[in-house]
Amino acid sequence: MTKERPQPAIWDPEFECMHVDALRALQLERLRKVVRRLRNHVPYYRQKMQIVGVTPSDIRTLEDIRKLPFTTKEDLRLCYPYEAFAVPLEKVVRIHASSGTTGKSTVVGYTRKDLDAWTHVVARFLVAGGLTSKDVLHIAFSYGLFTGGFGLHYGAERVGAAVIPVSAGRSERQIQLMKDFGSTALVCTPSYAVYLGELVQTLGVKPQDLKLRVGFFGAEAWSNRIREEIQAKLGLFATDNYGLSEIIGPGVAGECVYQNGMHISEDHFYPELIDPDTCEPADPAKSGELVLTTLTKEAIPLVRYRTRDICTLLPGTCACGRTGVRMSKICGRSDDMLIIRGANVFPSQVEEVLLDVKGTLPHYQIVVSREGALDQLEVRVEVSEEFFFDEMKKLQEMERHIEHKLENVLGIRSAVKLIEPRTLERSEGKAKRVLDLRPKE
Ligand code: DLL
């Protein structure tokens, strides 16, 4: 029971619907300021500029951004904790850190002005996805070093919604609170939303017992099939939003009610798309790695930050009236890519195949191991009860069918194992889908 599309609305029309020429002029002015700021206040980046022989006066057009060196997560790790800061600590009013799932975490700081800009860009995507001051918003992101909880919190307060900072965990209580408080809007990761939807059914709560209307899901990749699942189970209208702590947290981009790409707040973040292998510009319509430059951040300005996230960019004015470029859903991370027997495998490809098969549930795990010299790929996926308790022969046929489809897409053989519903561990935050048991080289 999906809720109907909310009325389109725009929080900040002056910037979100800016004429493209005016936007480019503003971006250039801001870019030049950022480069000067880095040269003057961040010795680490100054050194990187010196190595390639570029100075702030070399940046005369937006295309000149290509003369500047990239910034990587590794650079930020080398700057741990405060070397990347362009302001003294006395100007910093908040510190967060990335989750550190791919190594040592990175530290990010915000000045008062940064917090204000952050609040503002979050308010933009919340309004774009249908939030209004009449909503009661349930936030199930954790509040802590992770930017999700606090980021969404202040943005939603700015919109004027009644914010309930429930934080993560105690899932049955989450549902009870949504019922008792009449929550109309929900914020969490998409995988947690799937789990809440499942729990609502298990507890015998009907979607109509909940007043949910809109949901804002982000912080991890999710497909449109998962969107359908969430919308149906929780009875709401779901939009995607994207961000990363190094750049600001949530608020880099978010979908509007047309659910057709995430609008990037381009007056704050300048996007480029590159080929992750050659680092040359990629065709925006074909997929590439998203590279972001912060245009307004004071505490940690970043130039050409390599996000590792793979997407496409969609230019042109959207039906909602916003003029800025949209990014597609993230279809993988360049460092998420598994190399199995020489083939490149993205978890999102596996998900797409699995969820296309009738009877599968959106809970799966990819296990890679090594037997002798050979990599083995096993894919475990839960199937709904009616399928699981079907004849053994039918289950085996279904396994072979999925194996065949996977081989067509991935180019390698896998072993598919159908498992009982509710077997795999559910996550309250970002789901962990890949278990790589191969010895580290
Ligand atoms: O996940 C910030 C965030 C919080 C975004 C809440 C949206 C909502 P990090 O923990 O630093 O920050 O992780 C950033 O998460 O590089 C992507 O790989 C992934 N990610 C974030 N949003 C999406 C999304 C937050 N909508 C990393 N789709 C990013 C796919 C996403 N991946």
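Residues take their numbers from the sequence shown, with the count starting at 1. Everything quoted here is computed from the prediction, not taken from an experiment. Whatever order the structure lists them in is the order used to number ligands and atoms, beginning at 1.
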Please indicate whether Gln376 has more than 12 foreign heavy atoms, meaning atoms of other residues, nucleotides or ligands, lying under 6.0 Å from its CD.
-> yes
Ser245 neighbourhood, listing ligand 1 atoms whose heavy-atom distance to it stays under 4.0 Å = 9 (P), 11 (O), 12 (O)
If we number the atoms of ligand 1 from 1 as shown, the ones under 4.0 Å from a heavy atom of Asn241 are 7 (C), 8 (C), 22 (N), 24 (C), 26 (N)
What are the atoms of ligand 1, with element, lying closer than 4.0 Å to any heavy atom of Phe141?
-> 6 (C), 8 (C)
Which of the atoms of ligand 1 are close to Gly148, meaning less than 4.0 Å from one of its heavy atoms?
-> 4 (C), 6 (C)
Quick one: look at Phe217 and ligand 1, take heavy-atom pairs under 4.0 Å, and tell me if it's side chain, backbone, both or neither.
-> neither
Where on Arg308 is there a heavy atom closer than 4.0 Å to ligand 1, on the side chain, on the backbone, on both, or on neither?
-> neither
Have a look at ligand 1 and work out which part of Leu244, if any, has a heavy atom under 4.0 Å from it: side chain, backbone, both or neither.
-> both
Lys211 atom NZ: more than 12 heavy-atom contacts under 6.0 Å = no
For Glu83, the salt bridge (Lys or Arg N to Asp or Glu O under 4.0 Å) test, sequence neighbours excluded, returns none
Look at ligand 1 and say whether Phe216 reaches it with a heavy atom at a distance under 4.0 Å.
-> no
Candidate with minimal heavy-atom separation from atom 15 (O) of ligand 1, of Glu220, Lys430, His96 | Lys430
Ring-face cation contact, Tyr242 with Lys329, 6.0 Å cut, 45° max | no
Residues Glu229 and Arg227 bridged, charged N to O under 4.0 Å = no
Find out whether the Lys NZ or Arg CZ of Arg426 is both under 6.0 angstrom from the six-membered ring centre of Tyr192 and within 45° of the ring's axis.
-> no
Please work out whether any backbone atom (N, CA, C, O) or any side-chain heavy atom from C-beta onward of Lys329 is under 4.0 Å from ligand 1, and answer side chain, backbone, both or neither.
-> neither
Sequence neighbours excluded, the answer for side chain to side chain contact (heavy atoms under 4.5 Å, CB included) partners of Val409 is Gln349, Val353
